[in-house]
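Only this structure's heavy atoms are used, side chains among them; waters, hydrogens and symmetry mates stay out. Whatever order the structure lists them in is the order used to number ligands and atoms, beginning at 1. A quick note: this is a predicted structure, and the numbers were derived from the prediction, not measured.
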Amino acid sequence: MRINTRYLRQIEVIGKENQFKLLNSSALVIGAGGLGSAAIAYLAGAGVGRIGIADGDVVEVHNLDRQFIHAGKTGMNKAESARMFVESLNPDVEVRTYANFSKESAYMVKKYDVVVSCVDSLEARHEINEVCFKLKKPLVHAAISGFDGELMVFDFRSKDTPCYSCIYPRACRAKFNPVVAPVAGIAGSMQALETIKLLCGYGVTRDLLRMDFRHMEFFRISVSKRKDCPVCSTP
Ligand SMILES: [Zn+2]
């Protein structure tokens with residue numbers, strides 16, 4: 001396989017071998033909203049060869065301040081709109097689209113090397129966490145609210161990795177999160193970066209990163225596996 005010139009700048013940093021790895025890798029992005037728009041755009045641009053996109057919502061005008069990949073596609077399904085964006089940005093990337101994620105979605109997670117969680121409800125985050133833990137699939141999590149964001153990579157291939165439920169107790173409620181548009185772009189771009197590092201075999205942070213963009217303060221929090229975690233503790 002020949003690498004075309006589109007990756008020239010990136011190859012100067014990561015090398016040809018890692019670029020080949022990316023082109024032969026796959027990522028499932030769940031949620032094509034604010035976080036997902038940035039994550040999908042950078043994963044596709046960087047040449048992650050196969051990208052799955054799961055989202056059952058349609059594009060609305062009030063999404064467009066941060067969900068730039070859906071420009072001009074109001075009323076269209078977000079996964080389908082994201083597919084069109086990726087295909088126009090980088091024809092090297094193969095895209096598959098899915099409806100919303102549920103606990104029954106293990107079949108789609110199995111097909112990918114890594115899962116990128118870009119959803120906006122706690123319930124969905126817990127469902128994704130449970131499926132990824134069961135399948136030992138690395139999970140790149142981010143969440144945003146107002147001027148704040150957080151990021152964590154759960155690499156379930158390692159036995160001592162904590163899970164999302166170790167940090168946040170189960171709470172089944174959907175929450176509408178107001179957000180300043182660029183916060184979504186920053187956190188989603190960080191998810192793409194951590195995913196690329198993970199796929200190339202670079203080390204990724206094992207800490208929870210909390211980001212206060214209002215004051216530009218960043219905190220790394222060391223998180224351990226919780227002994228009584230209902231998801232990942234061993235009896
Ligand atoms: Zn846990």
Side-chain angles (χ1 to χ4, degrees), residues 25-31 33-36 39 43 52 54-55 98 100-146 148-177 179 183-184 187-188 190-212 218-235:
S25 297
S26 58
L28 174 64
V29 182
I30 304 173
L35 291 168
L43 290 172
D55 201 317
Y98 303 93
N100 273 337
F101 187 86
S102 75
K103 268 191 183 173
E104 282 70 51
S105 303
Y107 75 94
M108 65 166 98
V109 170
K110 279 182 187 162
K111 295 179 179 150
Y112 295 89
D113 297 321
V114 57
V115 172
V116 188
S117 169
C118 299
V119 295
D120 61 359
S121 87
L122 284 171
E123 185 178 357
R125 283 186 205 123
H126 280 288
E127 285 179 353
I128 294 166
N129 176 62
E130 282 177 37
V131 172
C132 289
F133 173 74
K134 271 187 202 149
L135 297 173
K136 305 294 171 228
K137 198 67 77 176
L139 167 62
V140 181
H141 153 80
I144 46 173
S145 180
D148 300 326
E150 71 171 29
L151 176 84
M152 184 157 174
V153 181
F154 302 98
D155 191 349
F156 294 125
R157 295 170 300 182
S158 158
K159 266 188 1 197
D160 58 346
T161 300
C163 79
Y164 183 74
S165 190
C166 290
I167 307 171
Y168 297 103
R170 176 106 205 176
C172 290
R173 62 192 166 92
K175 195 168 169 249
F176 167 70
N177 280 332
V179 69
V183 170
M190 291 172 91
Q191 284 181 286
L193 181 60
E194 291 302 281
T195 302
I196 288 164
K197 283 159 59 183
L198 194 134
L199 291 171
C200 289
Y202 290 97
V204 292
T205 175
R206 290 172 59 99
D207 293 337
L208 171 66
L209 184 61
R210 285 251 170 86
M211 301 164 285
D212 167 2
F218 300 79
F219 309 91
R220 284 178 75 130
I221 302 163
S222 177
V223 182
S224 305
K225 217 170 159 75
R226 199 154 53 85
K227 282 199 179 77
D228 60 347
C229 174
V231 177
C232 74
S233 65
T234 40

Task: Qualifying residues under salt bridge (charged side-chain N to carboxylate O under 4.0 Å, His left out), relative to D148, sequence neighbours excluded - done: none
Please output the side-chain donor-acceptor pairs of residues 190-197 that fall under 3.5 Å, not counting sequence neighbours, one pair per line with the distance.
residue	atom	partner	partner atom	Å
Q191	NE2	S117	O	2.8
Q191	NE2	V140	O	3.2
E194	OE2	K197	NZ	2.6
T195	OG1	Q191	O	2.7

- [ ] Would you indicate whether the side-chain heavy atoms of V115 and F154 approach each other to under 4.5 Å?
- [x] no
- [ ] Can you establish whether the number of heavy atoms outside K111 located under 6.0 Å from its atom NZ is more than 12?
- [x] yes
Indicate every side-chain donor-acceptor pair of residues 201-211 with a distance under 3.5 Å to a residue at least two apart or in another chain.
residue	atom	partner	partner atom	Å
T205	OG1	D207	N	3.1
T205	OG1	R220	NH2	3.1
D207	OD2	R220	NE	3.1
D207	OD2	R220	NH2	3.3
R210	NE	E150	OE1	3.1
R210	NH2	Y168	OH	2.8

Open item on the list: Suppose the cut-off is 2.8 Å; which protein N/O/S atoms would you list for the Zn ion (ligand 1)?
Closed with: C163 SG, C166 SG, C229 SG, C232 SG
- [ ] Kindly indicate whether a cation-pi arrangement holds for K110 with Y112, taking the cut-offs as under 6.0 Å to the six-membered ring centre and within 45° of the axis.
- [x] no
